[in-house]
*Asks:* 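Below: one structure in structure tokens.
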2 protein chains.
Amino acid sequence: MSSLQSTRFNSKLTSQCQSCSLSALCLPISLADEDVNRLDQIIERKKPLKKGEVLFHQGEEFSSVYAVRTGTLKTFNITNSGEEQITGFYCPSELVGLSGIDSNTYPVSAKALETTSVCEIPFSHLESLSSQIPSLKHQIFKVMSRKICDDQQMMVLLGKKNADEKVASLLMNLSSRFKRRGYSATSFRLAMSRGEIGNYLGLAVETVSRVMTRFQKSGLIHVDGKEIAIVNLPEMQKLVGITEECAKIEVV
Amino acid sequence: MSSLQSTRFNSKLTSQCQSCSLSALCLPISLADEDVNRLDQIIERKKPLKKGEVLFHQGEEFSSVYAVRTGTLKTFNITNSGEEQITGFYCPSELVGLSGIDSNTYPVSAKALETTSVCEIPFSHLESLSSQIPSLKHQIFKVMSRKICDDQQMMVLLGKKNADEKVASLLMNLSSRFKRRGYSATSFRLAMSRGEIGNYLGLAVETVSRVMTRFQKSGLIHVDGKEIAIVNLPEMQKLVGITEECAKIEVV
DNA sequence: CGTATTTTTGATTGGAATCAAATTCGGTGG
DNA sequence: CCACCGAATTTGATTCCAATCAAAAATACG
């Protein structure tokens, strides 16, 4: 158990969730002001993580879920052969750590890909608060359900798609996540390296590089290091295929 | 909304969950008798599905989650090219349909691989009941968290493993699920076809067949149609690798 | 400014897909 | 109970996509 006092980075009596620009994403529910305040009081805003710092380690006791406020996280397993297997990237407003509830242990590690600040949400507090606020409980169910959906789409991607479709899917997925937060859907900066993309997609680094070069040559995207611009959006969407369909369902 | 009366297949006033042999798996919590009864009253035991019958369709409005009592289900997407993409197999005591909570729509279809009976659990009832029974709410969180964990392991499998490891992983996974329900871990019958296994694992049917033949020749397993016997358990576990590790974490 | 790391590019290899066909299995009706 | 038909499974030959090996180029960083 971490100390509320010692880790609190920015503590005020007024609700910070209410003034946070992400609240509409992080809490897409209409909580009464009073309820938001109650939620706000259990949340700790931690000191930002520097690139490469670890938020929690695989195997550690589960205590909190975390909402990313700024920056990007990756979650990963260490395989028995010692290599890293990335299982997800987390952008602002997204929750990380939910997979620890079942075993009361984080089954993955979470590491910052760049300077990243998070809100720590002690799960036991969240859970008891959710008993008192049904819409909050429903929201947690929804977030977890959404994660299950997304992971299953990822399973389809990994099992059925070729290298082009995988890379296109990741780029379009990131694009829609940027858009959701009000940023450009067609021009953004990758927080992760080519190696991390390949690791996540089940591709070799070289393949990721080749595919991106090829996409650029065919006028689908423009690549400048980590800066990506989607040039031919319709064609990219076509490449993504099935994932697209399910995105529709989810958006409803 | 389905009618409670019309679809109820086997209705008694006494608690059926209490006498169900799966309750320790389906409800691995110590609910007070009174609470079990309350849960029991919202559950409908539906008429068994015959092989090939569909429990719910992709795109249909979400209303219930289902616990498999006997038999096996598969969940799948239909891709835009019209082919089926299997996202999961469900054995007795396992819950299907949780991915529908987020969008209020089932993002997959569920179909019986053999004669299968399920308990229908209307989600709105379950949710309101969970407000009154904190341990039930916690249990739902756990089940969903576990699903997220499992799916992420599946992602690792699909992204990083070769054909041998994939097939071995599926067999060992099924083995542990049979064992959990009190059946033999080393001898069981596959409910799914080679084609469905291949579809699920991201392999061609021919590859699944070849791998199994090869496993049999090397004395790892014995295959007789759909009957499988694990002959060399340690070697099979070795093939599975990382998934093994995470199984340990989850079991704790 | 020089070194380490990341990314790109090229050549070759290999594992699984695909194509093709034989065989077995499962269900049905005579 | 057996013969028959379609589906599922197995087996074989060939192809192809992405991995691997290798090395140059670009970028990050102290």
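Below, chains carry the letters A, B, ... as their sequence lines are ordered, and counting in each starts from 1.
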*Asks:* Is any NZ, NE, NH1 or NH2 atom of the basic residue among B:Lys160 and A:Glu83 found under 4.0 Å from an Asp or Glu carboxylate oxygen of the other?
*Replies:* no
*Asks:* Any base atoms under 4.0 Å from A:Gly195, or only sugar-phosphate, or nothing? Heavy atoms, all strands.
*Replies:*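 A:Gly195: backbone/sugar contact only, no base atoms under 4.0 Å.
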*Asks:* Name the nucleic acid region contacted by B:Ser209, choosing base, sugar-phosphate or nothing; use a 4.0 angstrom heavy-atom cut-off, strictly under.
*Replies:*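 The answer is base, as B:Ser209 lies within the cut-off (heavy atoms under 4.0 Å) of a base atom.
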*Asks:* Between B:Phe188 and B:Tyr183 (judged by ring centroids, cut-off 6.0 Å), do the two rings come close enough to count as a pair?
*Replies:* no
*Asks:* Would you indicate which nucleotide in C:dT9, D:dT9, C:dT6 comes nearest to any side-chain atom of A:Thr213?
*Replies:*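 Of C:dT9, D:dT9, C:dT6, C:dT9 is nearest to the side chain of A:Thr213.
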*Asks:* Classify every nucleotide of nucleotides 18-23 of chain D by which part a protein heavy atom approaches to under 4.0 Å, writing B for the base, S for the sugar-phosphate alone and - for neither, in 5'-to-3' order.
*Replies:* SSBB--
*Asks:* Should B:Lys111 and B:Glu53 count as an ion pair when the cut-off is N to O under 4.0 Å?
*Replies:* no
*Asks:* Test side-chain hydrogen bond (donor to acceptor under 3.5 Å, both in side chains) on A:Thr87 and A:Thr75; report intermediate values, then the result.
*Replies:* CA-CA 6 Å; A:Thr87 56; A:Thr75 52; 2.9 Å; yes
*Asks:* With a 4.0 Å cut-off, would you call B:Glu94 and B:Arg177 a salt bridge?
*Replies:*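 Between B:Arg177 and B:Glu94 there is a salt bridge, with a charged N closer than 4.0 Å to a carboxylate O.
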*Asks:* Identify whether the distance between the nearest side-chain nitrogen and carboxylate oxygen of B:Lys51 and B:Glu114 falls below 4.0 Å.
*Replies:*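 Between B:Glu114 and B:Lys51 there is no salt bridge, as every charged N stays at least 4.0 Å from the carboxylate O atoms.
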*Asks:* D:dT27 phosphate, OP1 or OP2: any side-chain N/O from A:Lys226 under 4.0 angstrom?
*Replies:* no
*Asks:* Which residues within residues 217-224 of chain A lie with some heavy atom under 4.0 Å of an atom in DNA chain D?
*Replies:* none
*Asks:* Could you work out how much the helix from C:dC1-D:dG30 to C:dG30-D:dC1 bends, comparing the axis of its first five pairs with that of its last five, to 10°?
*Replies:*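 End-to-end axis angle: 50°.
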*Asks:* Before giving the answer on side-chain hydrogen bond (donor to acceptor under 3.5 Å, both in side chains), spell out for A:Lys179 and A:Ser184 the whole-Å C-alpha distance, their side-chain angles and the decisive distance to 0.1 Å.
*Replies:* CA-CA 6 Å; A:Lys179 187 180 179 185; A:Ser184 169; over 6 Å; no
